[in-house]
> 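This is the structure, below, for whatever I ask next.
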Amino acid sequence: EGLGKIFVIRVAGNVVDPNIVATIEYAVQHLGSLLLVIMGHQYCGAVKAAVGIALKMVNNNTIEEHKEVLEQQNKEASEANKEVVEPNKEDAERNKEAPVAQEDEEEESSIPLLVKKIRKAVEFARGEVKDETESSYEARLLEMAITQNTKNMKTKILKMSKLVRQRVETGKLGVVTAMYSLET
């Protein structure tokens with residue numbers, strides 16, 4: 001397909017922020033996209049992380065455990081991103097580049113922010129999936145949370161973007177949610 005026919009924006013957990021909304025508006029306004037599909041996928045890792053935190057909070061029933069889980073995720077993400085590239089001093093001088101951050105300047109992980117944006121979908125799913133004793137509880141909870149998360153993000157896009165709302169109201173843009181199965 002040609003440019004604008006299929007315009008893909010991929011972000012972990014389908015989380016929506018002003019940058020994502022601006023990108024959607026660009027596709028709609030400048031490229032003429034006629035359909036916006038918010039597509040979740042089976043076994044989504046970002047939603048799975050949010051479900052895992054929710055289950056640990058329920059099982060341990062403490063905020064401290066929640067903080068420990070987030071701190072562990074921060075640590076793991078930081079360790080994964082520890083590779084620091086030293087800029088060539090001559091190139092940096094010639095191109096007037098800012099020096100790359102050193103390890104002691106390392107920023108904290110943003111993963112907890114991502115998980116926080118998915119939390120409402122997990123809370124909804126926990127209210128819908130009742131029998132916690134079934135062996136399939138966690139899998140059903142994850143599936144429901146992924147589905148609800150796509151719906152929540154659709155709602156958020158419509159709230160955040162006047163352009164998208166107007167195009168939907170006038171029938172010039174369709175907005176749907178979908179689920180991609182990794183098994184079929």
Side-chain angles (χ1 to χ4, degrees), residues 1 3-28 31 33-60 65-66 68-81 109-161 164 167-168 173-184:
E1 293 291 326
L3 287 178
K5 299 292 182 184
I6 298 176
F7 189 88
V8 178
I9 306 165
R10 294 183 65 173
V11 60
N14 286 322
V15 296
V16 175
D17 67 14
N19 294 319
I20 296 298
V21 172
T23 304
I24 291 167
E25 289 177 347
Y26 173 78
V28 169
L31 300 178
S33 293
L34 302 174
L35 178 64
L36 172 60
V37 178
I38 298 101
M39 184 178 296
H41 68 88
Q42 191 177 28
Y43 312 123
C44 174
V47 177
K48 187 174 182 177
V51 167
I53 288 172
L55 291 176
K56 283 187 185 239
M57 286 178 66
V58 169
N59 292 340
N60 296 309
E65 175 66 21
H66 176 64
E68 288 176 21
V69 170
L70 290 176
E71 287 171 5
Q72 180 62 30
Q73 285 182 338
N74 276 339
K75 182 179 176 185
E76 290 170 4
S78 293
E79 288 174 6
N81 293 319
S109 171
S110 297
I111 293 173
L113 298 174
L114 178 76
V115 169
K116 183 179 178 183
K117 290 184 178 208
I118 300 168
R119 185 173 42 209
K120 286 184 182 180
V122 175
E123 290 169 2
F124 175 84
R126 286 186 54 221
E128 294 293 309
V129 180
K130 301 292 182 192
D131 192 357
E132 295 181 29
T133 59
E134 286 186 34
S135 61
S136 64
Y137 172 74
E138 195 168 336
R140 290 183 309 118
L141 183 64
L142 177 59
E143 182 180 346
M144 174 68 74
I146 294 168
T147 300
Q148 187 60 39
N149 188 55
T150 61
K151 294 175 183 177
N152 290 356
M153 295 308 150
K154 174 185 174 181
T155 300
K156 190 168 186 175
I157 292 166
L158 292 170
K159 284 182 181 177
M160 291 178 71
S161 176
V164 171
R167 296 282 173 103
V168 168
L173 177 68
V175 181
V176 298
T177 61
M179 186 63 64
Y180 183 83
S181 173
L182 299 175
E183 294 176 352
T184 57

> Looking only at heavy atoms, which two atoms of Ala12 and Leu114 are closest? And how far apart?
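So the minimum-distance heavy-atom pair works out to O-CD1, 3.2 Å.
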> Show me the side-chain donor-acceptor pairs of residues 41-50 shorter than 3.5 Å, one per line, residues at least two apart or across chains.
residue, atom, partner, partner atom, Å
Gln42, OE1, Ser181, OG, 3.3
Gln42, OE1, Leu182, N, 2.8
Gln42, OE1, Glu183, N, 3.3
Tyr43, OH, Glu183, OE2, 2.2

> To the nearest 0.5 Å, tell me how far Leu158 CG sits from Leu173 CG.
8.5 Å
> Using the side-chain hydrogen bond (donor to acceptor under 3.5 Å, both in side chains) rule, collect all pairs that involve residues 144-155, keeping only residues at least two apart or in two chains.
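Pairs touching residues 144-155 that pass the test: Gln148-Asn152.
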> Going by the rule side-chain contact (heavy atoms from CB on, under 4.5 Å), which residues pair with Val37 if we only count those two or more places apart in sequence or in a different chain?
Leu35, Met39, Val176, Ala178
> Under the ring-ring contact (aromatic ring centres under 6.0 Å, His included) test, which residues partner Tyr137, sequence neighbours left out?
none
> Please name the residue in the list Ile24, Val28, Ile38 that meets the side chain to side chain contact (heavy atoms under 4.5 Å, CB included) test with Val175.
Ile38
> Check for a donor-acceptor pair, side chain of Lys130 on one end and backbone N or O of Gly127 on the other, with a separation under 3.5 Å.
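Here the side-chain-to-backbone pair exists.
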> Do Ile20 and Val15 have side chains that approach each other closer than 4.5 Å (heavy atoms only, starting at C-beta)?
no
> Over all heavy atoms of both residues, which pair between Ala121 and Ala145 is shortest? Give the atoms and the distance, please.
CB-O, 3.5 Å
> Atom CZ in Arg126, atom CG in Leu55: separation rounded to 0.5 Å?
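Taking CZ in Arg126 and CG in Leu55, the distance rounds to 7.0 Å.
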> If you look at every heavy atom in Pro18 and Met160, which pair is closest and at what distance?
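In this case the closest contact between Pro18 and Met160 is N-CE, 3.8 Å.
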> Which pairs, with at least one residue in residues 12-25 and sequence neighbours excluded, count as a side-chain hydrogen bond (donor to acceptor under 3.5 Å, both in side chains)?
Glu25-Ser161
> Looking only at heavy atoms, what is the nearest atom pair of Met153 and Lys117, with distance?
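In terms of heavy atoms, the two residues are closest at CE-O, 3.4 Å.
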